[in-house]
Visitor: 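Below are the C-alpha cells for one structure; questions will follow.
Scope of the values below: all heavy atoms of this structure, side chains included, with no hydrogens, waters or symmetry mates.
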Amino acid sequence: VSPHIHSAALKAAVLDGEYKLYPIASDDKQGLADLLTKVRAGEIHGLNVTIPHKQNVMPLLDELTPTAKAIGAVNTIVLKDRNLVGDNTDAGGFWNDLQILLSHIKIKEKNALVLGAGGSARAVVYTLLQHGWDVTVSARRIKQAESLVTHYASRQLTAANYDVTTLSSLLSDISLIVNTTPVGMKSHPQGSPWIEGLPFPKNAALYDLIYNPAKTQLMKNAAEVGLPVRNGLGMLIGQALLSFEIWTGHKVSADKIDLNL
Ligand code: NAP
C-alpha cells in the first residue's frame, strides 16, 4: 500500500521520484547497513523501515528523534546535516486520524482501553499518554502488557487481564477502545478481539488499526450498539504523509490521496 500512497503524494506535490521496496531478510544485517550507506551517499533520499527492522536499525543510526527514542522503534529515516536520523511517524499518524473519530463523541473522561500490546500498541499508547489520556492495555499474554507498562513507566498506564471479569469492571469509564491486534484482518474476517459476552461501553468510540477489510467484525458489532467507529486507513495514510513531509518538506493533505485498495 505504501508505494501507492507515496506515488500519489509525489504526484500531488508535483515532484519527480519513486518509492521502491527493498526487501531485506530479518537476519540480513549487511543488507540493512548497505541500504543506509545509499542514504548517506544521497542515492536514496529517505527510508521507511518496517518489522523487524524498526528496532534492528536503531543502533545503525546517528540520531533518534525524541518520539522514536521514547517508543523504541523507527519507521522513518532521513539524512540531516550528514547525520542519519531515525523518526517514528506511526504515533502522529494515529493521533491525527483519531481526532476525526473523537469529534463524534463527547469525551467525559480521557480513558482508553487498548487491545493488544505489540509493536503498534507502543506507538498508540505513547501518543495517548502524551496527550493526557489514561490508558489500560489488555493483552492475552499479561506479561506482554506488563512489559509495555514497564517501558513507559507512567502512572497513567496500567495493564489488565484479557478476560470478561476484569474488562467489564473497568468499561464504564472508557471513552475510547483501540484495537491493535490483527484479529479481524482479511485472513480471518469473522474474528473479533472483543471477548464474547463483554458488553460495549456506552458513550465510547472504537478505533480499529486494521484497514483491510474496511469494516472488521469488531467495527460492525460496535456500530450495531451505537459506537462511532473508524478503521486504520487514515493512520496508514497519515504516517506515510508525515514521512513524506520529513523527506521532501512538502505537506500533502490526505484528501489529495486517491487509493484503490
Ligand atoms: P504485533 O506486534 O504482532 O502485535 C499484535 C498484538 O495482538 C500482540 O499483543 C498479540 O499477542 C495480539 N494478538 C495476536 N493475535 C491475537 C488473538 N488471536 N487474540 C488476542 N490477541 C492477539 O502486531 P502489530 O505490528 O502491532 O500490528 C497489529 C495490527 O495492527 C495488524 O493488523 C497491522 O496490520 C495493524 N497495523 C496498522 C497500522 C496502520 O497504519 N493502520 C499500523 C501498524 C499496524 P501475541 O503476541 O500473544 O500474539
Side-chain angles (χ1 to χ4, degrees), residues 1-2 5-6 8-9 12-13 48 65-68 70-71 73 75-76 87-116 119-137 148 152 154 156-157 171 173-181 184 193 200-216 218-220 222-223 225-246 249-259 261:
V1 180
S2 294
I5 302 173
H6 288 285
N48 274 143
T65 61
T67 307
I71 295 172
N75 80 331
T76 304
D87 204 343
N88 190 311
T89 63
D90 288 331
F94 167 71
W95 180 254
N96 291 345
D97 196 51
L98 180 68
Q99 302 321 302
I100 297 170
L101 177 69
L102 293 183
S103 68
H104 295 291
I105 57 163
K106 249 200 185 129
I107 303 166
K108 249 172 57 190
E109 303 276 346
K110 287 181 13 175
N111 278 329
L113 171 64
V114 174
L115 301 177
S120 58
R122 286 202 171 212
V124 164
V125 167
Y126 168 79
T127 197
L128 288 171
L129 293 176
Q130 282 278 308
H131 290 90
W133 283 71
D134 286 330
V135 181
T136 302
V137 57
L148 203 152
Y152 286 118
S154 162
Q156 296 161 248
L157 179 61
L171 280 186
D173 290 337
I174 296 294
S175 306
L176 173 68
I177 302 159
V178 185
N179 175 40
T180 75
T181 80
F200 281 101
K202 292 192 176 79
N203 309 316
L206 166 79
Y207 194 99
D208 197 331
L209 259 64
I210 294 170
Y211 48 86
N212 194 1
K215 255 195 196 133
T216 59
L218 172 60
M219 288 171 67
K220 286 181 196 161
V225 293
L227 270 66
V229 298
R230 189 161 178 88
N231 71 24
L233 184 60
M235 171 180 175
L236 181 79
I237 295 173
Q239 60 78 30
L241 294 182
L242 287 173
S243 298
F244 187 83
E245 191 179 341
I246 290 169
H250 287 258
K251 213 181 181 101
V252 173
S253 77
D255 56 18
K256 296 279 186 301
I257 301 298
D258 179 22
L259 280 179
L261 289 178

Visitor: Looking only at non-hydrogen atoms, find the nearest pair between Lys220 and Lys215 and report the distance.
Guide: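 Result for this residue pair: CE-O, 3.9 Å.
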Visitor: Could you tell me whether the side chain of Val114 reaches within less than 4.5 Å of the side chain of Leu128, counting heavy atoms only?
Guide: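 Side-chain contact under 4.5 Å: yes.
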Visitor: Flag the pair Trp133 / Ile107 as yes when at least one side-chain heavy-atom distance between them is below 4.5 Å, and no otherwise.
Guide: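 Yes. Closest side-chain heavy atoms under 4.5 Å.
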Visitor: Under a 4.5 Å cut-off applied to non-hydrogen side-chain atoms, are Leu206 and Met219 in contact?
Guide: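 Counting from C-beta outward, Leu206 and Met219 do come under 4.5 Å.
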Visitor: With heavy-atom distances below 4.5 Å as the criterion, would you say the side chains of Gln130 and Trp95 are in contact?
Guide: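 No, too far: nothing below the 4.5 Å cut-off.
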Visitor: So which atom in Tyr211 and which in Gly232 form the shortest heavy-atom distance, rounded to 0.1 Å?
Guide: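 Reported closest heavy-atom pair: CB-C, 3.9 Å.
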Visitor: Applying side-chain hydrogen bond (donor to acceptor under 3.5 Å, both in side chains), run through Thr67 and Asn88 and close with a yes or a no.
Guide: CA-CA 6 Å; Thr67 307; Asn88 190 311; over 6 Å; no
Visitor: Closest heavy-atom contact between Pro228 and Ala204?
Guide: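 Smallest heavy-atom distance, with atoms named: CD-O, 3.2 Å.
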Visitor: Say you draw a straight line from CG of Leu241 to NE2 of His6; how long is it, rounded to the nearest 0.5 Å?
Guide: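 If I round to the nearest 0.5 Å, the distance is 7.5 Å.
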Visitor: Side chain to side chain contact (heavy atoms under 4.5 Å, CB included), that's the test. Do Tyr207 and Asp97 meet it? Break it down for me.
Guide: CA-CA 10 Å; Tyr207 194 99; Asp97 196 51; 2.7 Å; yes
Visitor: Are the side chain of Asn111 and the backbone N or O of Asp173 linked by a donor-acceptor pair below 3.5 Å?
Guide: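 Side chain of Asn111 to backbone of Asp173, a donor-acceptor pair under 3.5 Å: yes, one is there.
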Visitor: Partners of Thr136 by side chain to side chain contact (heavy atoms under 4.5 Å, CB included), sequence neighbours excluded?
Guide: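 Side chain to side chain contact (heavy atoms under 4.5 Å, CB included) list for Thr136, sorted by chain: Leu113, Thr158, Ala160, Leu170.
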Visitor: Once rounded to the nearest 0.5 Å, what's the spacing between atom CG of Leu102 and atom CG of Leu176?
Guide: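 CG of Leu176 is found 6.0 Å from CG of Leu102.
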Visitor: For the residue pair Leu242 and Gly93, what are the closest heavy atoms and their distance?
Guide: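 Looking at all heavy atoms of both residues, the shortest contact is CD1-N, 3.5 Å.
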Visitor: Between CD of Gln239 and CG of Asn48, what distance do you get to the nearest 0.5 Å?
Guide: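 Between Gln239 CD and Asn48 CG, I get 6.0 Å after rounding to 0.5 Å.
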Visitor: For a quick test of reading the model, state the closest non-hydrogen atom pair linking Tyr152 to Ala70 and the distance between them.
Guide: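 What the structure gives for the nearest pair is CE2-O, 3.6 Å.
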Visitor: Could I get the full list of side chain to side chain contact (heavy atoms under 4.5 Å, CB included) partners for Ser103, not counting sequence neighbours?
Guide: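 None.
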Visitor: Rounded to the nearest 0.5 Å, how far does CG of Asp87 lie from CD1 of Ile71?
Guide: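 One finds 9.0 Å between CD1 of Ile71 and CG of Asp87.
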Visitor: Would you say the side chain of Val135 lies within less than 4.5 Å of the side chain of Leu129, judging by non-hydrogen atoms?
Guide: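 They are in side-chain contact.
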Visitor: To the nearest 0.5 Å, what is the distance between CD (Gln99) and CZ (Arg230)?
Guide: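 The CZ atom of Arg230 is 10.5 Å from CD of Gln99, to the nearest 0.5 Å.
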Visitor: Under the criterion side chain to side chain contact (heavy atoms under 4.5 Å, CB included), I'd like the reasoning laid out for Asn231 against Thr216: C-alpha separation, chi angles, the key distance, then a yes or no.
Guide: CA-CA 8 Å; Asn231 71 24; Thr216 59; over 6 Å; no
Visitor: Within this structure, what is the NE2-CZ distance for the pair His250 and Phe244, rounded to the nearest 0.5 Å?
Guide: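 Nearest 0.5 Å value for the NE2-CZ distance: 7.0 Å.
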Visitor: Check whether any side-chain N or O of Lys256 sits under 3.5 Å from a backbone N or O of Ala13 as a donor-acceptor pair, and report yes or no.
Guide: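 Checking the backbone N and O of Ala13 against the side chain of Lys256, no donor-acceptor pair under 3.5 Å is found.
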Visitor: For the residue pair Pro201 and Leu171, what are the closest heavy atoms and their distance?
Guide: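 Scanning both residues completely, I find the closest heavy atoms to be CB-O, 3.4 Å.
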Visitor: Does a side-chain heavy-atom distance below 4.5 Å link Ser120 with Phe94?
Guide: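 No, too far: nothing below the 4.5 Å cut-off.
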Visitor: Tell me, please, which residues at least two apart from Glu245 pass salt bridge (charged side-chain N to carboxylate O under 4.0 Å, His left out).
Guide: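 With sequence neighbours excluded, Glu245 shows a salt bridge (charged side-chain N to carboxylate O under 4.0 Å, His left out) to Lys251, given in chain and number order.
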Visitor: Determine whether Ile210 and Leu218 satisfy the following criterion, side chain to side chain contact (heavy atoms under 4.5 Å, CB included), listing intermediate values before the conclusion.
Guide: CA-CA 10 Å; Ile210 294 170; Leu218 172 60; over 6 Å; no
Visitor: Let me see the working for Leu157 and Leu148 under side chain to side chain contact (heavy atoms under 4.5 Å, CB included), right down to the final yes or no.
Guide: CA-CA 9 Å; Leu157 179 61; Leu148 203 152; 4.0 Å; yes
Visitor: Is a donor on one side and an acceptor on the other found under 3.5 Å between the side chain of Thr181 and the backbone of Gly116?
Guide: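 Flag not set: sc Thr181 to bb Gly116 has no pair under 3.5 Å.
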Visitor: Consider only side-chain N and O atoms of Tyr126 and Asp90, and report whether a donor and an acceptor are under 3.5 Å apart.
Guide: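 No.
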Visitor: Is there a side-chain contact between Leu209 and Val178, using heavy atoms and a 4.5 Å cut-off?
Guide: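 Sidechains of Val178 and Leu209: in contact.
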